[in-house]
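Worksheet: one structure, shown below.
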Number of protein chains: 2
Amino acid sequence: MSRLCNNDQIMTQLDLHRLDDSLIALRRILRATELYSRDLAQSAGLTPAQLRVLQIAKTKDGSVTPKELATQMGVSQATVTALVDKIVSRGLAVRVRSETDRRQTNVTLTQTGTDAVAQAPDALQQRYVKAFMKLQDWEQAQLLASLERVAAMLNADDIDAAPVLTTGELKGTPESAAE
Amino acid sequence: MSRLCNNDQIMTQLDLHRLDDSLIALRRILRATELYSRDLAQSAGLTPAQLRVLQIAKTKDGSVTPKELATQMGVSQATVTALVDKIVSRGLAVRVRSETDRRQTNVTLTQTGTDAVAQAPDALQQRYVKAFMKLQDWEQAQLLASLERVAAMLNADDIDAAPVLTTGELKGTPESAAE
DNA sequence: GTAGTTGCTTCGATGGTCAAACTAATCAAA
DNA sequence: TTTGATTAGTTTGACCATCGAAGCAACTAC
């Protein structure tokens with residue numbers, strides 16, 4: 001509390017160390033999720049990108065447009081087309097022309113696809129959920145506040161984060177809604 | 001299965017909501033870094049994977065073995081070979097046979113490569129560093145504690161997290177790194 | 001030395017990704 | 001209504017990343 005830096009801030013060694021540690025922690029979080037996403041997809045017989053398509057579709061009640069997918073995944077529509085092609089060819093989803101706007105196509109999960117995404121065991125998330133639940137009430141609140149602060153610091157506010165990471169099952173009621 | 005829990009802790013609706021929010025915040029953080037890493041690499045005229053090689057090499061004093069790279073990046077050695085091939089062909093690094101163990105090869109950054117990674121403008125990290133520095137002392141401490149807790153919750157402790165994101169010689173302006 | 005191990009590369013195959021060009025449907029304005 | 005602009009989606013062609021398996025070279029142990 002010795003220094004409230006705002007503009008011309010004097011960075012002490014302690015400051016740098018703490019900043020550094022926080023970045024390393026962030027890096028670990030990123031790395032853990034990255035590595036797990038591969039195992040996760042692989043154990044489901046899918047690639048990470050393909051699994052993500054299914055996960056996003058699931059959060060949209062099992063039906064999305066390629067446009068939405070492209071936006072949420074941060075890739076081009078051309079890429080989405082390729083991904084959907086493979087998913088469709090494996091019988092995990094079907095393309096259905098929209099009635100209201102015939103330019104649009106709905107990518108709709110089949111029963112097989114729904115099962116596939118439902119059975120993907122997300123060890124990472126399960127571990128997180130378990131650990132989160134063990135925390136004291138005030139600890140949970142603080143953790144949430146910190147995470148949201150970091151998200152804000154990274155300018156991630158405007159990102160339309162689909163609760164893709166929130167693979168139901170572990171929570172009972174459909175709440176969230178996000179935004 | 002909505003109420004699975006370790007102890008006899010009863011999960012209220014509030015608990016679930018908070019868990020969900022924390023997951024969404026996490027997802028946003030991941031997504032922000034993912035999106036920015038592409039811009040970052042592209043602005044440096046590199047692919048994300050190639051930039052990562054350079055970044056890791058930098059943290060190792062400009063010289064790493066393919067083995068180390070494979071471990072740190074979580075990919076196979078075959079992949080590393082392909083990446084290093086491209087980096088070498090662009091003059092960003094050179095392969096140097098190790099003297100002590102002639103099986104090993106050191107991937108050593110050239111001046112060009114060192115410059116390239118140094119000049120990679122990391123908008124994301126810069127923003128984070130800036131925001132972090134504006135926080136009060138206790139806020140920084142709390143944020144760090146929370147991040148490290150999350151990393152631990154994801155069991156990311158055992159991961160040899162390369163301080164790629166580190167700010168080591170950072171004195172006034174943040175530079176490099178991120179993914 | 002011989003056998004096993006380790007570090008690295010090569011090869012072949014699969015996937016993800018994009019920009020640009022293209023089709024089809026909708027919308028807006030004259 | 002016709003025309004022009006916009007939007008959704010696909011196709012094409014070209015890279016890049018990634019892996020497993022096979023192969024090679026060097027080290028290690030006995």
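Computed over heavy atoms, backbone and side chain alike; hydrogens, waters and symmetry mates excluded.
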Please write out the pairs of protein N or O atoms and N or O atoms of nucleotides 2-7 of chain C separated by less than 3.5 Å, giving the distance to one decimal.
{"from": "C:dT6", "atom 1": "O4'", "to": "B:Arg103", "atom 2": "NH1", "distance (Å)": "3.4"}
{"from": "C:dT6", "atom 1": "O2", "to": "B:Arg103", "atom 2": "NH1", "distance (Å)": "3.3"}
{"from": "C:dG7", "atom 1": "OP2", "to": "B:Lys67", "atom 2": "NZ", "distance (Å)": "3.3"}

- line: Sorted by position of nearest nucleotide on DNA chain C, 5' first, the leading residue of A:Arg102 and A:Pro48 is A:Pro48

- prompt: Counting any heavy atom closer than 4.0 Å, what does B:Ala78 reach on the DNA or RNA strands: base, sugar-phosphate only, or nothing?
  reply: base

message: Among C:dG16, C:dT17, C:dA19, which nucleotide has an atom closest to any side-chain atom of A:Thr47?
response: C:dG16

message: For a quick check of understanding: with a heavy-atom distance under 4.0 Å over all strands, which category does B:Ala82 fall into, base, sugar-phosphate or nothing?
response: base

query: B:Arg97 side chain N/O closer than 4.0 Å to the phosphate oxygens (OP1, OP2) of D:dA25?
result: no

- prompt: Honestly curious: do A:Leu144 and A:Leu135 fall in one hydrophobic cluster under the side-chain, below-4.5 Å linking rule?
  reply: no

message: Can you confirm whether A:Glu139 is buried at CD, in the sense that more than 12 heavy atoms of other residues, nucleotides or ligands lie under 6.0 Å from that atom?
response: yes

task: Verify the contact: side-chain N or O of B:Gln50 to OP1 or OP2 of D:dA17, cut-off strictly under 4.0 Å; return yes or no.
output: yes

task: May I ask you to say whether B:Asp85 pairs ionically with B:Arg95, meaning some side-chain N is under 4.0 Å from a carboxylate O?
output: yes

message: Is there a side-chain contact between A:Lys86 and the phosphate of C:dT14, meaning an N or O under 4.0 Å from OP1 or OP2?
response: no

query: Is the shortest heavy-atom distance from the side chain of B:Leu26 to the side chain of A:Tyr128 under 4.5 Å?
result: yes

task: Note down the inter-axis angle between the two ends of the helix from C:dG1-D:dC30 to C:dA30-D:dT1, five pairs each, to the nearest 10°.
output: 20°

- prompt: Contact class for A:Thr79 vs. all strands (heavy atom < 4.0 Å): base, sugar-phosphate, or nothing?
  reply: base

statement: Looking only at D:dC19, C:dG16, C:dT10, the nucleotide nearest the A:Ala49 side chain is C:dG16

